[in-house]
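For this chain, numbers begin at 1 and follow the sequence in order. It should be emphasised that the depicted structure is a prediction, and the values quoted were computed from it without experimental measurement.
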Amino acid sequence: MKNCKKNVFRVISVILAFIMVISLGDMSGSRVQAKKKKNVVVLYFSATGITKATAKKIKKKTKGKLIEIKAEDPYTEEDLDYSNQNSRVTKEHESASTPAKSKVRPEIANLKVIKKAIKKADVVYIGYPIWWGEAPHIVYTLVENASLKGKTVIPFSTSISSGLGSSAKHLKARAKISSKTKWQKGRNFYDVPSQKTVNNWVKKLKY
């Protein structure tokens, strides 16, 4: 009789242990799923295609929504001629000591679409080329008009020689954010990075 009771106890113990393992597994799986459910949007302004190519790689890794920041008045090759003192980008640059202090704010053609996407997002990547060590003026149009309150914001830039510099810091100072906004340091990519480089960077981000 005692042996029978012992056997029943052992069986019950095994069953309870099995149930606990399954429950812990479900909890762990739920946490992983919750992390994967982060709504990500990758915004980018690209003049020559380098930032666009980089943004696509970030989109591929994050599975986020990719949206181009489109200028109402698109930039032409002539507009982008840095050597021409009368070119559009040169005039924008010379309008103030930094874009943050400038009153030049190029209009964004798809601003409403961007605002809608940001509203639903948890994480917002903002990409741009480096012009004279700073973000283009049109990126200021974005951060000054689209609310980033409560979002995790990750800036990224592309350039041949300059780094991210103070561009992200200056954007943050002008952005519509709140105490709950998590504005991360971000990084610069020299030319178009490999998918592996982008993947390794995204993996290290915490959000």
Side-chain angles (χ1 to χ4, degrees), residues 31-71 98-100 108 110-111 113-131 133-160 162-207:
R31 291 194 188 101
V32 171
Q33 285 185 347
K35 189 174 182 180
K36 288 182 178 178
K37 287 182 179 179
K38 289 282 186 179
N39 193 328
V40 177
V41 60
V42 182
L43 306 175
Y44 72 93
F45 169 70
S46 186
T48 62
I50 295 176
T51 308
K52 179 180 181 180
T54 303
K56 282 185 174 181
K57 292 178 186 292
I58 295 174
K59 181 253 190 282
K60 184 176 181 180
K61 173 59 181 173
T62 62
K63 308 298 181 185
K65 185 173 184 178
L66 184 68
I67 304 178
E68 179 182 2
I69 300 168
K70 299 179 180 179
T98 70
I108 298 175
N110 58 333
L111 186 58
V113 173
I114 291 174
K115 283 183 175 181
K116 186 177 181 180
I118 290 177
K119 189 175 182 179
K120 296 179 181 178
D122 302 301
V123 181
V124 181
Y125 286 82
I126 302 177
Y128 50 87
I130 292 293
W131 291 356
E134 294 284 356
H137 289 66
I138 193 170
V139 185
Y140 282 86
T141 305
L142 169 70
V143 299
E144 290 174 356
N145 289 278
S147 177
L148 294 166
K149 295 179 180 179
K151 311 297 180 182
T152 293
V153 182
I154 306 171
F156 67 95
S157 63
T158 59
S159 68
I160 296 175
S162 302
L164 187 69
S166 299
S167 64
K169 180 181 178 180
H170 290 166
L171 285 172
K172 180 181 179 181
R174 298 291 303 177
K176 294 175 69 174
I177 59 176
S178 66
S179 59
K180 293 183 179 180
T181 299
K182 297 178 181 178
W183 192 289
Q184 298 199 14
K185 184 178 179 180
R187 69 160 292 176
N188 178 74
F189 294 97
Y190 295 99
D191 207 344
V192 181
S194 67
Q195 187 65 55
K196 183 178 179 181
T197 296
V198 170
N199 291 351
N200 289 337
W201 174 59
V202 172
K203 284 180 182 178
K204 293 177 181 178
L205 297 173
K206 297 180 180 180
Y207 56 76

Roughly how far, to the nearest 0.5 Å, is the NZ atom of Lys180 from the NZ atom of Lys149?
11.5 Å

Side-chain donor/acceptor of Gln195 to backbone N/O of Lys57, under 3.5 Å
yes

With the side chain counted from C-beta on, respond yes when Ile138 and Ile108 share a heavy-atom pair under 4.5 Å apart, and no when they do not.
yes

Would you say Pro193 and Thr54 make side-chain contact, with heavy atoms under 4.5 Å?
yes

Can you see which heavy atom on Leu171 is nearest to which on Tyr128, and at what distance?
CD1-CE2, 3.6 Å

Side chain Lys65, main chain Val41, donor-acceptor under 3.5 Å
no

For Ala168 and Pro155, which heavy atoms make the closest approach, and how far apart are they?
CB-CG, 3.6 Å

Does the side-chain contact (heavy atoms from CB on, under 4.5 Å) test come out yes or no for Leu148 and Ile118, once each step is laid out?
CA-CA 7 Å; Leu148 294 166; Ile118 290 177; 4.0 Å; yes

Val40 and Lys63, any side-chain heavy atoms less than 4.5 Å apart
no

Under the 3.5 angstrom rule, does the side chain of Thr181 hit a backbone N or O of Gly150 as a donor-acceptor pair?
yes

Distance-only, no hydrogens or angles: does the Lys151 side chain make a donor-acceptor pair with backbone N or O of Ala121 under 3.5 Å?
yes

Please report the closest heavy-atom contact between Thr98 and His170, naming both atoms and the distance.
CG2-CE1, 4.4 Å

Side chain Ser166, main chain Lys169, donor-acceptor under 3.5 Å:
no

Just how far is it from atom OG1 of Thr158 to atom NZ of Lys52, taken to the nearest 0.5 Å?
13.5 Å

Minimum side-chain heavy-atom gap Ser167-Ile130 below 4.5 Å:
yes

Within the structure provided, determine whether Tyr44 and Glu68 are in side-chain contact (heavy-atom separation under 4.5 Å).
yes

Measure across Ser157 and Leu164 and return the closest heavy-atom pair with its distance rounded to 0.1 Å.
OG-CD1, 3.3 Å

Determine whether Lys60 and Lys56 satisfy the following criterion, side-chain contact (heavy atoms from CB on, under 4.5 Å), listing intermediate values before the conclusion.
CA-CA 6 Å; Lys60 184 176 181 180; Lys56 282 185 174 181; over 6 Å; no

How far apart are the closest heavy atoms of His137 and Pro99, and which atoms are they?
NE2-CA, 3.7 Å

Over 12 non-hydrogen atoms of neighbours within 6.0 angstrom of NZ in Lys61
yes

So, Gln184 side chain and Lys206 main chain: donor-acceptor pair closer than 3.5 Å or not?
yes

Does any part of the side chain of Leu205, heavy atoms only, come nearer than 4.5 Å to the side chain of Thr152, both counted from C-beta?
no

Hey, does Lys119 have a side-chain heavy atom less than 4.5 Å from the side chain of Lys115?
no

Is there side-chain contact between Phe156 and Ile126, with at least one heavy-atom pair below 4.5 Å?
no

Nearest non-hydrogen partners of Lys70 and Asn110, listed with the distance
N-OD1, 3.1 Å

Would you compute the distance between atom CG of Leu142 and atom CD1 of Ile69 and round it to the nearest 0.5 angstrom?
4.5 Å

How long is the straight-line distance from CD1 of Ile160 back to CG of Asp191, given to the nearest 0.5 Å?
6.5 Å

Would Ile154 and Trp201 satisfy side-chain contact (heavy atoms from CB on, under 4.5 Å), going step by step from the backbone distance to the final call?
CA-CA 11 Å; Ile154 306 171; Trp201 174 59; 3.6 Å; yes

Tell me, please, which residues at least two apart from Tyr125 pass side chain to side chain donor-acceptor pair (under 3.5 Å).
Tyr207

Test item: Asn39 side-chain N/O and Asp122 main-chain N/O as donor-acceptor pair under 3.5 Å
no

